[in-house]
Asks: 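The structure under discussion is supplied below as structure tokens; questions concerning it will follow.
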Number of protein chains: 2
Amino acid sequence: MSALHDHTHCIADALTRADALCAERGARLTALRRRVLELVWSSHRPRGAYAILEDLSQQEGKAAAPLTVYRALEFLVEQGLVHRIESLNAYVGCAAPGDVHSGQFLVCEACGDAAEIDDPGVGAAIDAAAAGRGFRVQRPTVEVRGLCKSCQENPR
Amino acid sequence: MSALHDHTHCIADALTRADALCAERGARLTALRRRVLELVWSSHRPRGAYAILEDLSQQEGKAAAPLTVYRALEFLVEQGLVHRIESLNAYVGCAAPGDVHSGQFLVCEACGDAAEIDDPGVGAAIDAAAAGRGFRVQRPTVEVRGLCKSCQENPR
DNA sequence: GACATGGGTGTTACTTTATAACACCCTGTC
DNA sequence: GACAGGGTGTTATAAAGTAACACCCATGTC
């Protein structure tokens with residue numbers, strides 16, 4: 001992720017794609033859900049449910065309840081618009097909603113960025129390993145902690 | 001995991017291996033830590049920190065503090081004797097402590113069992129994917145949710 | 001043996017993350 | 001307009017994890 005990229009544009013893109021996908025599927029991307037999606041995208045980093053909750057409360061001018069956010073997030077995850085990063089208890093906008101993919105992440109310990117990758121090799125290796133053991137895969141989770149390229153080059 | 005296997009023996013084995021490994025490394029496997037390791041192994045399933053805490057409290061006859069368990073678990077994870085399953089917030093005994101491995105799990109949604117695998121193909125695919133993006137891997141996490149062989153054959 | 005050192009443990013309080021139960025209210029349909 | 005069903009609000013609560021600080025005890029040193 002470049003520090004210079006047009007982030008506003010990138011949020012707008014995500015919302016547009018979400019509108020299209022939900023319309024196509026007959027899923028209801030309500031005002032609340034759309035706003036939560038926008039807040040998830042407000043940085044490219046994984047954000048906790050309670051961080052989103054705070055933003056939402058601020059926008060509304062009054063305290064929102066945790067459930068409000070969790071329910072919206074649940075919908076967004078179901079629709080594949082948002083991924084949950086298990087090892088961070090946090091949520092991040094999906095880079096390629098609509099495409100079939102499993103959600104693999106390279107999570108940088110230094111800058112907190114979580115780069116979504118969809119490496120066919122990793123997916124295939126998991127499928128093969130599972131098949132060899134008679135295990136039926138439903139939802140693979142791959143979260144690799146480490147250091148991203150830019151943090152290796154510019155250590156703090 | 002067979003329902004018939006000699007689980008007592010299997011716990012004893014884990015403790016013996018832990019003793020040997022810690023002695024070799026000069027790590028202090030104190031009575032408390034050893035007891036927590038035993039409780040982690042008390043089933044083959046992932047167990048939450050608070051479940052272990054309850055067992056411990058019962059053994060002691062008085063309520064133990066969460067930190068007591070968390071500190072012991074931290075030690076055990078550092079020593080590679082126990083793995084944390086991120087997507088379950090739970091801990092499970094390591095099947096092959098001492099060996100270099102990353103901790104890959106096939107987690108059954110039906111029976112709750114978490115089979116540890118160490119598939120070289122999966123590890124290699126992750127390394128390759130990361131290397132291609134200039135990412136330095138520190139700790140890969142692979143947790144595949146699905147149905148284990150036995151639960152596919154005997155659905156409930 | 002006295003002493004200092006450092007890791008391990010106990011205790012209290014607290015934060016963060018997530019869910020349950022139930023009522024109400026829109027929205028689309030007939 | 002009546003109905004059905006999903007979406008939202010509200011209150012309370014559960015589950016998971018951490019901070020700060022004091023004490024204890026094994027170990028090594030003199």
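For clarity, every value in this text was computed on a predicted model and none was experimentally measured. To find a chain, count down the sequence lines: A is the first, B the second, and so on, and within it residues start at 1.
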Asks: Between C1' on D/dG9 and CG on A/L32, what's the gap in Å once rounded to a whole number?
Replies: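 It works out to 11 Å between those atoms.
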
Asks: In whole Å, what is the span from the CD atom of B/E74 to the P atom of D/dA19?
Replies: 10 Å

Asks: Output yes when B/R35 and B/E60 qualify as a salt bridge under the 4.0 Å nitrogen-oxygen rule, no when they do not.
Replies: yes

Asks: Mark yes or no for a side-chain to base donor-acceptor pair under 3.5 Å between A/R71 and D/dG9, with no hydrogen or angle criteria applied.
Replies: yes

Asks: Given the rule in the side-chain contact (heavy atoms from CB on, under 4.5 Å) test, do A/C111 and A/R45 qualify, once you have shown the distances and angles that lead to the verdict?
Replies: CA-CA 9 Å; A/C111 69; A/R45 287 178 173 60; 3.9 Å; yes

Asks: Is there a donor-acceptor pair closer than 3.5 Å between any side-chain N or O of B/Q152 and the backbone N or O of B/L147?
Replies: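 Indeed, once roles are kept as given, a pair shorter than 3.5 Å links the two residues.
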
Asks: Check whether B/R17 reaches the backbone of B/A95 with its side chain - one donor and one acceptor, N or O, closer than 3.5 Å.
Replies: yes

Asks: Please write out the pairs of protein N or O atoms and N or O atoms of nucleotides 25-27 of chain D separated by less than 3.5 Å, giving the distance to one decimal.
Replies:
none

Asks: Measure the distance from CG on B/L53 to C1' on C/dT11 and round it to the nearest whole Å.
Replies: 14 Å

Asks: Counting side-chain heavy atoms from CB outward, which of D/dT8, C/dT17, C/dT9 is closest to B/R33?
Replies: C/dT9

Asks: Please test A/Y91 against A/R84 for side-chain hydrogen bond (donor to acceptor under 3.5 Å, both in side chains), starting from the C-alpha separation and ending with a verdict.
Replies: CA-CA 4 Å; A/Y91 300 81; A/R84 176 178 160 83; 3.1 Å; yes

Asks: Would you check if there is a donor-acceptor pair between the side chains of A/R145 and B/T141 at a distance under 3.5 Å?
Replies: no

Asks: Do side-chain atoms of B/E143 reach the backbone of B/L106 as a donor and acceptor pair under 3.5 angstrom?
Replies: no

Asks: Quick one, which residues of residues 56-70 of chain B touch DNA chain D with a heavy atom under 4.0 Å?
Replies: B/L67, B/Y70

Asks: Hey, does the side chain of A/R25 reach the backbone of A/Q79 with a donor-acceptor pair shorter than 3.5 angstrom?
Replies: yes

Asks: Does A/Q58 CD have over 12 foreign heavy atoms under 6.0 Å away?
Replies: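 No, because the 6.0 Å sphere around CD of A/Q58 holds 12 heavy atoms or fewer from other groups.
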
Asks: Salt bridge or not between A/K149 and A/D113? Use side-chain N to carboxylate O under 4.0 Å.
Replies: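 Salt bridge flag = no for A/D113 with A/K149.
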
Asks: If you go through the side-chain atoms of B/Y50, does one of them form a donor-acceptor pair with the base of D/dA14 closer than 3.5 Å?
Replies: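 Between D/dA14 and B/Y50, which were checked side chain against base, a qualifying N/O pair under 3.5 Å is absent.
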
Asks: Scan residues 75-93 of chain A against DNA chain D and write down, sorted by residue number, each residue with any heavy atom closer than 4.0 Å; if none is found, say none.
Replies: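 DNA chain D contact set from residues 75-93 of chain A: none.
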
Asks: Would you mind reading off the distance between A/R35 atom CZ and D/dG7 atom C1', rounded to a whole angstrom?
Replies: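 Between C1' of D/dG7 and CZ of A/R35: 14 Å.
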
Asks: Is the distance between the ring centroids of A/H83 and A/F105 under 6.0 Å?
Replies: yes

